[in-house]
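Just so it is clear, the structure is predicted and the values come from calculations on it, not from any experiment. Labels below follow one simple rule: chain letters A, B, ... track the order of the sequence lines, proteins then strands, and each chain is numbered from 1.
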Protein chains: 2
Amino acid sequence: MPTLYHHPMSSASRFVRLILAEYGFQTDLVEEQTWEKRREFLALNPAGTLPVYVDDNMRVLSGPNVLLEFLDETHGVLKRERRLLAEDPFQRAEIRRLTEWFLLKMERDVTLPLTRERAYKLQMSAAHGGGAPDSKVLRTSRANIRQHMKYLSWLAGSRPWLAGERLSYADLAAAASISVLDYLGEIDWQETPIAKEWYQRLKSRPSFRPLLAERVRGLTPVSHYADLDF
Amino acid sequence: MPTLYHHPMSSASRFVRLILAEYGFQTDLVEEQTWEKRREFLALNPAGTLPVYVDDNMRVLSGPNVLLEFLDETHGVLKRERRLLAEDPFQRAEIRRLTEWFLLKMERDVTLPLTRERAYKLQMSAAHGGGAPDSKVLRTSRANIRQHMKYLSWLAGSRPWLAGERLSYADLAAAASISVLDYLGEIDWQETPIAKEWYQRLKSRPSFRPLLAERVRGLTPVSHYADLDF
């Protein structure tokens with residue numbers, strides 16, 4: 001069986017797990033703590049990032065962007081209306097733009113700093129940078145959440161799905177990031193009813209169940225985390 | 001004619017200019033100083049990043065990744081042995097992995113901090129963060145260059161082109177970053193003869209000429225910058 005190296009708090013890992021689940025793939029999951037810079041892991045992916053997919057022939061595919069394109073080329077194209085990329089090149093460009101928005105921009109502004117301060121630092125040794133969260137980083141990242149939730153609400157309010165008429169990679173990328181932030185109790189759902197309705201639809205998909213059932217050692221999720229009617 | 005919003009010191013902009021030149025596109029170039037956060041520019045690309053391509057029908061494509069896929073889908077596939085992506089999905093994955101390496105990882109470790117400190121800060125007003133370079137940032141980024149040049153040399157030494165048998169997006173992405181660093185005189189070519197031989201081949205291509213002829217106001221390039229036999 002193929003193996004996916006991932007971390008439960010990594011939005012890129014969650015994104016790829018959602019794609020694999022939507023397309024019906026089975027994989028072995030291996031949790032990787034990238035800050036340990038394990039030699040064997042760096043031999044698979046010199047960039048040291050997650051997720052990393054190793055197929056049955058030991059061929060390695062690293063990173064959400066490489067994986068989303070590969071999975072589209074080898075599986076998505078056959079899925080017709082369940083394909084997570086579109087047929088039209090401009091529509092494809094819009095899906096890619098939004099996927100990047102959530103996995104690169106929102107990641108840098110919000111998701112990565114908050115998960116590093118609140119989750120990764122709990123698992124890190126002092127030598128790797130573990131310890132108490134930096135309150136200044138928390139403050140800055142939390143100020144950025146609001147802008148990103150506004151943009152998400154605008155997208156969710158103006159289109160059936162974030163990038164257009166159909167569920168796409170853009171929805172999975174956004175939901176992956178949001179689900180990490182929601183685990184940490186960082187989303188104020190009362191402020192964003194339109195984004196909430198969209199996230200409820202995502203959360204109810206079978207592909208989402210394994211994520212909602214997963215717990216990070218030493219870090220209890222917010223009480224409504226796995227609740228489909230939150 | 002289509003318009004490309006770019007900055008001469010942005011490696012992502014240079015990368016897309018190289019693709020467009022390799023495929024024979026003509027565009028109007030508009031220099032954008034992204035730190036000014038112009039309303040009209042943010043309306044085109046809310047992420048505020050470069051490059052941004054506006055086609056003859058005023059359709060907007062933003063960012064190197066969206067553009068590389070779009071240009072492959074609409075033009076590259078017809079180019080046969082001059083295509084900058086491969087036909088095999090695993091080979092495509094390798095090209096994408098390396099393109100990301102240079103445009104995201106090397107960008108974060110080296111290219112962006114050095115260009116910000118040494119080039120952008122010269123153009124920025126004090127309110128936008130202009131001023132003298134931060135010597136600590138310069139030191140850290142320069143320490144990172146060596147690792148990236150080692151990896152580049154290893155790739156260039158083990159394959160005809162960085163991602164395999166053919167010139168690809170990976171070469172253009174690497175050459176875009178390297179050319180920015182070389183403008184700033186940050187590359188020690190004596191240390192890396194294999195990377196140098198590879199860069200000479202890239203630099204000699206007609207697509208490279210406009211980049212080598214361009215000058216940034218107030219910033220003289222290193223003396224060998226435009227020299228094909230440096």
Side-chain angles (χ1 to χ4, degrees), chain A residues 12 42 44-49 52-55 57-77 85-109 112 147-148 150-152 154-155 163 169-170 173, chain B residues 12 42 44-49 52-55 57-77 85-109 112 147-148 150-152 154-155 163 169-170 173:
Chain A
L42 291 177
L44 295 175
N45 178 17
T49 51
V52 173
Y53 182 86
V54 183
D55 80 359
N57 297 311
M58 301 304 285
R59 284 179 297 203
V60 181
L61 297 160
S62 302
N65 185 51
V66 162
L67 277 158
L68 80 82
E69 299 293 347
F70 182 85
L71 290 169
D72 184 66
E73 289 163 6
T74 55
H75 291 86
V77 289
L85 256 181
E87 278 70 45
D88 172 68
F90 283 97
Q91 186 56 29
R92 295 159 71 83
E94 178 65 354
I95 293 170
R96 290 188 180 110
R97 179 182 79 82
L98 290 174
T99 301
E100 273 193 42
W101 179 280
F102 294 105
L103 295 184
L104 289 181
K105 184 168 168 55
M106 186 172 171
E107 182 76 6
R108 197 187 52 216
D109 296 347
L112 183 59
Q147 290 307 313
H148 279 282
K150 257 193 203 164
Y151 191 50
L152 179 62
W154 179 80
L155 292 168
Y169 284 148
Chain B
L42 291 176
L44 295 176
N45 178 16
T49 51
V52 172
Y53 182 86
V54 183
D55 80 1
N57 297 312
M58 300 304 284
R59 286 178 296 203
V60 181
L61 296 160
S62 301
N65 186 51
V66 163
L67 277 158
L68 80 83
E69 299 294 345
F70 181 85
L71 291 169
D72 184 66
E73 289 162 7
T74 55
H75 292 86
V77 289
L85 255 182
E87 278 69 45
D88 172 67
F90 283 98
Q91 187 55 30
R92 293 159 72 83
E94 178 64 356
I95 293 170
R96 290 186 180 112
R97 180 183 77 83
L98 290 173
T99 301
E100 272 193 43
W101 179 281
F102 295 105
L103 295 184
L104 289 181
K105 184 169 168 56
M106 186 171 171
E107 182 77 6
R108 196 186 52 215
D109 295 348
L112 183 59
Q147 289 308 313
H148 279 281
K150 258 192 203 164
Y151 191 51
L152 179 62
W154 179 80
L155 292 169
Y169 283 147

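Taken to the nearest 0.5 Å, the CZ atom of R96(A) stands 10.5 Å off from the CG atom of L61(B). Between N45(B) atom CG and W101(A) atom CH2 the span is 8.0 Å, to the nearest 0.5 Å. Expressed to the nearest 0.5 Å, how far OG of S62(A) lies from CD of E94(B) amounts to 9.0 Å. To the nearest 0.5 angstrom, E73(B) atom CD is 11.0 Å from E87(A) atom CD. Atoms CG and CG, from N65(A) and L104(B) in turn, are 8.5 Å apart once rounded to the nearest 0.5 Å. The CG atom of N57(A) lies 7.5 Å from the CZ atom of F90(B); values are rounded to the nearest 0.5 Å.
The shortest distance between side-chain heavy atoms of R92(A) and E69(B) does not fall below 4.5 Å. With a 4.5 Å cut-off on side-chain heavy atoms, R97(A) and P46(B) count as touching.
If you measure heavy-atom distances from D55(B) to chain A, the contacts under 4.5 Å come from the side chain alone.
When T99(A), V66(A), L67(A) are compared by the number of non-hydrogen pairs under 4.5 Å with chain B, V66(A) comes out ahead.
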